[in-house]
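As a basis for the values below, the full set of heavy atoms in this structure was taken, side chains included, without hydrogen atoms, waters or symmetry mates.
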Amino acid sequence: MPLRLSYRCRPRSSGGVRCGGGSILQEGVAASVPAASLIATLTTPLTPELAAGLEGVAWLEVRADVVGDIDPEPLRHLFAGKLLYTLRSRAEGGAFEGSPERRKRRLLAAAERYDRVDLEGARDLGPEILTAIPPARRLVSWHGPASDLDALAACFERLAAAEAALYKLVPWAIRPGEALAPLQLLHRLQRADVAAFAGGDAGAWTRLIAPRLGAPVVYGAAGDDPGAPGQPSIRTLRQDFGLPALPPVEKLFGVIGNPIAHSLSPRLHNGAYRELGIPALYLPFQTDAFGDFWLEVVEEGVLEALGLPIQGLSITAPFKPAALAVAGAESPLAGLVGGANTLVLREGVWEAESTDPEGVIEPLRDRGIDPAGRRAAVVGAGGAGRAAAVGLAHAGAEVTLFNRGRERGESAAADLGLPCLPLGELDPAGYDLLVNATPLGRAAGAAGAAGAAGAADEPLPFPVDALRPGAVVVDLVYRREEEGPTPLLAAAAARGAVTVDGREVLMDQARGQFRMMTGRELPKDLARRLLGLPAARPG
C-alpha cells in the first residue's frame, strides 16, 4: 500500500495551462511521422563498433578541432548518412586556435569533400569562403554568452545575412533562466532552418525541447565523449527520450538535482509515456540552486507560453527540503520526512509528497520479506535515510539510524523518534536488514536513486564480512545495467546476503510519482524492462 496521506494546505500557489507541443520532420521521413534529424558528434576515431550504434542517424559531425582533419572516404564506408565538418574555434567553445588564414584553408579543403561545413558567423563569412561553399552546404553557427530574447534575435539576423541550409545558435546558460531565450527564439521565428538551444549542463534539457519548437536537428555524442558540456549521447537520446521520433507532448515533467546526467528517471518515465500513449515529456533539470530554478523557470511562465507547461517534478538530492518549502500543500509523510521527492501541480496548487519510503518497502514485499519485527539499520540521516527509516518504521521494523555526523544524526533522531548512533558503532551482525542511504561505496560511474554521479575508491558504508546469514542489504545507490552491481551489493551478495538493487528502489518510488503525475499506473513489468531489471519471479 502506498504511504501517501492527505495534504495540509499552505497559502501558496502557482497556475498552469494545458497546451500542445509542435513537431518537425526528419529528412526522408514521411510527413505522417514527426521526427527530428539526429546529428552525431564525433570527437574520437570512428570504429566499426561506434558506427554500429549510429544506424538511423542522419548526419555525422566531424569535430576537426578535436579529432583532426579525417579523410571522409573511410567514414562513408562505415556511416551511411551525410558528413558535417566543424572546426570549432576556442572563442566559441572549441579547440581550434590557429590563424585566420589556416582556418580558411582547412574549411575550403573540407568543403570539397564534406556534405556540409559549419561556418562560424563571427569569423568565416568572408567572400572567398561564401563563394566556394554554396548555401545548401552551409551551416552558419554562433556560440556565445547568455543573451536575452531580443539580443539573440538580433544575433540571428546577423547570421541570416548569409544564406544557409541551417542556422545554429547556442548561448551558454549558467543561471536557470538563461536557458529559456533560445526556446523563445524558436517560438518567435517559426522557421524550419534554425536550431537553438542553451549550452552547458544547466541548459542540457533545452536540447530536448528545441525540436518541439521547430528545430530540425538534435545533436548527440557519437560515443561517450561529448562534443560540448551538456551534450547527451546518441544512445541516451534514443533510449531515454525516444528520438528521433516526436510523439505529441501536452505537458512536461522532470527530475531536478545536482548532478543529474546519470539519472535513469527520464528513461523510465519517457519509455512508459511512449508505451502507454501519454502525451508528455520527462526532462533532466540540473541546477546549482533550486530556488533560482523555481523562480526563473517554473514560476516565470515562459514554458507555459510556449505551450509546454511543467506539471510535475521529481526532486533529488540536495533539493528535497527546498522542494517542501515551495509547495502550497504537503502530505504529513513529506512533512515527517522533512523533504519532498515529488511536486505535482493540481488545480493551481503545487502539492508535495515523498514516495521515497515506498522505494524501500515495496522491493522487500516483492521478495516476500515482511519488515515487521526485524531489526533494521539505516546508514545515513539525510533525506534518503530519513525516508527509508520512516518507511521501515511504518512497516513495523525496529529501526536504528547510523550517521557519521553527530549533529545531523541527533536532529533526525529527534524528528523521527528513533535512536541514532555513530556510524563507527554499527555492527552488521546485530541487524536483519541494512539500508545504505549514503554515497559511501559509490564507485565511478555509479548513481544514486537520486541520479547523482559518485567518486571512485570510496569505502563501503559498513563491513560486509560481519553480515549475519540471510541478512538483507538495500543500496539506494544504483548503477546502470551495463555497469553491474554497486561495490556494496557485489560484496554483500558474495557473502550470501539478499540484495536489493537501487534500480528497484528507483522503480518503486517512481511508480508512486508516475501515478501522481499522470493519473495512470506504471506496470511493474514495463518498469523493470525499461530499467534493465530481470523479470519478476512468478508467485
Side-chain angles (χ1 to χ4, degrees), residues 12-17 19 21-22 92-93 142-156 168-189 194-215 218 228-232 249 251-261 263 266 281-316 318-323 325-328 343 345 348 350:
R12 194 176 190 286
S13 65
S14 176
V17 296
C19 305
E92 299 206 11
W142 172 85
H143 300 72
S147 305
D148 63 22
L149 175 58
D150 289 338
L152 202 58
C155 179
F156 168 72
K168 177 188 178 188
L169 296 94
V170 184
W172 294 95
I174 298 176
R175 293 184 59 85
E178 293 173 344
L180 296 169
L183 303 180
Q184 293 174 294
L185 178 70
L186 291 172
H187 183 72
R188 174 186 288 188
L189 293 177
V194 178
F197 54 87
D201 292 334
W205 61 273
T206 65
R207 296 171 178 268
L208 307 161
I209 292 290
R212 302 288 175 182
L213 299 170
V218 180
Q231 185 184 68
V249 170
K251 59 185 69 175
L252 300 178
F253 301 104
V255 55
I256 177 169
N258 186 16
I260 206 63
S263 175
L281 181 64
Y282 189 100
L283 299 168
F285 297 110
Q286 179 161 322
T287 183
D288 293 329
F290 180 87
D292 290 344
F293 180 86
W294 188 260
L295 292 173
E296 298 174 16
V297 177
V298 177
E299 291 201 333
E300 187 64 24
V302 172
L303 291 172
E304 285 84 350
L306 299 180
L308 296 167
I310 296 179
Q311 299 285 283
L313 291 168
S314 305
I315 316 297
T316 74
F319 300 132
K320 294 180 183 182
V326 302
L343 289 171
L345 184 63
W350 283 96

**Request:** Show your reasoning for whether side-chain contact (heavy atoms from CB on, under 4.5 Å) applies to Ser263 and Thr316.
**Result:** CA-CA 10 Å; Ser263 175; Thr316 74; 5.9 Å; no

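Of the possible polar contacts, one joining the Thr206 side chain to the Gly203 backbone as a donor-acceptor pair under 3.5 Å is found. Looking only at distances, no side-chain donor or acceptor of Glu299 sits under 3.5 Å from a matching main-chain atom of Trp294.
Partners of Val218 by side chain to side chain contact (heavy atoms under 4.5 Å, CB included), not counting sequence neighbours, listed by chain and number: Ala36, Leu38, Pro211, Leu237, Leu243. In this structure, the side chain to side chain contact (heavy atoms under 4.5 Å, CB included) partners of Ala181, at least two apart in sequence or on a different chain, are Leu152, Gln184. Partners of Ala173 according to the side chain to side chain contact (heavy atoms under 4.5 Å, CB included) rule, which considers only residues two or more places apart in sequence or in another chain, are Glu178, Ala179, Ala198. The side chain to side chain contact (heavy atoms under 4.5 Å, CB included) test applied to Glu296 returns Arg175, Pro176, Asp292, not counting sequence neighbours. Listed by chain and number, the residues in a side-chain hydrogen bond (donor to acceptor under 3.5 Å, both in side chains) with Asp288 are Asn258 (sequence neighbours excluded). Partners of Phe253 by ring-ring contact (aromatic ring centres under 6.0 Å, His included), not counting sequence neighbours: none found.
Between Phe319 and Thr287 the shortest heavy-atom distance is CZ-O, 3.4 Å. Closest approach of Leu185 to Ala196, counting heavy atoms only: CD2-CB, 4.3 Å. Taking all atoms of both residues into account, the shortest heavy-atom contact from Pro259 to Gln286 is CA-OE1, 3.6 Å. Across Trp142 and Ser147, no two heavy atoms sit closer than the pair CH2-OG, 3.9 Å. In terms of heavy atoms, Glu92 sits closest to His143 at OE1-N, 2.9 Å. Summarising the geometry of Pro171 relative to Pro145, their closest heavy-atom pair is CB-O, 3.7 Å, with the distance given to 0.1 Å.
Contact annotation: the side chain of Leu306 never approaches that of Leu186 to less than 4.5 Å [non-hydrogen atoms, C-beta and beyond]. Residues Val302 and Leu183 are not in side-chain contact: their nearest non-hydrogen atoms beyond the backbone lie 4.5 Å or more apart. Inter-residue side-chain proximity for Val326 and Leu343 is flagged as met; some heavy-atom pair is nearer than 4.5 Å.
From Leu308, atom CG reaches atom CG of Leu281 across 8.0 Å, with rounding to the nearest 0.5 Å. With values rounded to the nearest 0.5 angstrom, Leu180 atom CG is found 12.0 Å from Asp148 atom CG. We find the CG-CD distance between Leu252 and Glu304 to be 8.5 Å, quoted to the nearest 0.5 Å. Phe197 CZ to Leu208 CG: the interatomic distance, rounded to the nearest 0.5 Å, is 10.5 Å.
For residues 199-211, no residue pair satisfies the salt bridge (charged side-chain N to carboxylate O under 4.0 Å, His left out) rule, not counting sequence neighbours.
Ring orientation note: the planes of Trp205 and Phe285 are nearly perpendicular, at an angle over 60° on the 30°/60° scale.
Around CG of Leu149, the count of heavy atoms belonging to other residues, nucleotides or ligands within 6.0 Å exceeds 12.
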